[in-house]
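Naming: A, B, ... by sequence-line order, numbering from 1 per chain. As a basis for the values below, the full set of heavy atoms in this structure was taken, side chains included, without hydrogen atoms, waters or symmetry mates.
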Amino acid sequence: MSLYDKIYEVVYQIPRGKVATYGQVAELANLSRKARLVGYALYKIPLETTDIPWHRVINAQGEISHSIWRKGTDYLQRSRLESEGIQFNTQGKINLSQYLWKPTV
DNA sequence: CCGGTGACCCGAG
DNA sequence: GCTCGGGCCACCG
């Protein structure tokens, strides 16, 4: 049971067609203010890991974040989101007020 | 042990 | 819109 398991658990709960921000995931995982850890946790997820919908996690600007070393996955992430019905505006951003996941309290 | 790195966030100017 | 700086903390060499 590592710190990341908590993060993965939260990400796993993101429903289809919705997205969550790093900060949001951090809070739900009791890691408020530690959004970077969420990014690091996702960074460690192998591409072959399909159990975790990592593509539904985006930054607070409603855009897809990725490191330059993972180029190519940006296409994959956007592709997956679009196939779930999520639309990007002309600036490549997501309308958070519409797609942001509202977790069950 | 230490320093660099990293899918981040927020406030100030 | 932009840049800067601070905060936070695990991982790796």
Closest to side chain of [X], choosing from [options]:
| X | options | result |
| --- | --- | --- |
| A:Tyr4 | C:dA10, B:dC9, C:dC9 | C:dA10 |
| A:Ala35 | B:dC9, C:dC9, C:dG7 | B:dC9 |
| A:Arg36 | C:dC11, C:dG7, B:dC9 | C:dG7 |
| A:Lys44 | B:dC9, C:dC11, C:dC9 | C:dC11 |

Can you tell me the distance, in whole Å, between the [atom1] atom of [X] and the [atom2] atom of [N]?
| X | N | atom1 | atom2 | result |
| --- | --- | --- | --- | --- |
| A:Leu37 | C:dC8 | CG | P | 12 Å |
| A:Asn30 | C:dA10 | CG | P | 15 Å |
| A:Leu31 | C:dA10 | CG | P | 9 Å |
| A:Asp5 | C:dA10 | CG | P | 14 Å |
| A:Lys34 | B:dG6 | NZ | C1' | 17 Å |
| A:Ile45 | C:dA10 | CD1 | C1' | 15 Å |
| A:Glu27 | C:dC8 | CD | P | 15 Å |
| A:Tyr22 | B:dG6 | OH | C1' | 11 Å |

For the backbone of [Y] and the side chain of [X], can you confirm whether one donor and one acceptor N or O come within less than 3.5 Å of each other?
| X | Y | result |
| --- | --- | --- |
| A:Glu84 | A:Arg16 | no |
| A:Asn59 | A:Gly62 | yes |
| A:Gln13 | A:Pro103 | no |
| A:Gln24 | A:Trp101 | yes |

Checklist entry - Across the strands shown, which category fits A:Leu3 at heavy-atom distances under 4.0 angstrom: base, sugar-phosphate, nothing? => result sugar-phosphate

Item to check | A:Asn59 vs A:Tyr40, nearer the 5' end of DNA chain B by closest nucleotide | outcome: A:Tyr40

Checklist entry - Considering only heavy atoms and no angle criterion, is a donor-acceptor pair shorter than 3.5 Å present between the side chain of A:Arg33 and the base of C:dG7? => result no

Next on the checklist: Please determine whether the number of non-hydrogen atoms from other residues, nucleotides or ligands lying under 6.0 Å from atom CZ of A:Arg80 exceeds 12.
Outcome noted: yes

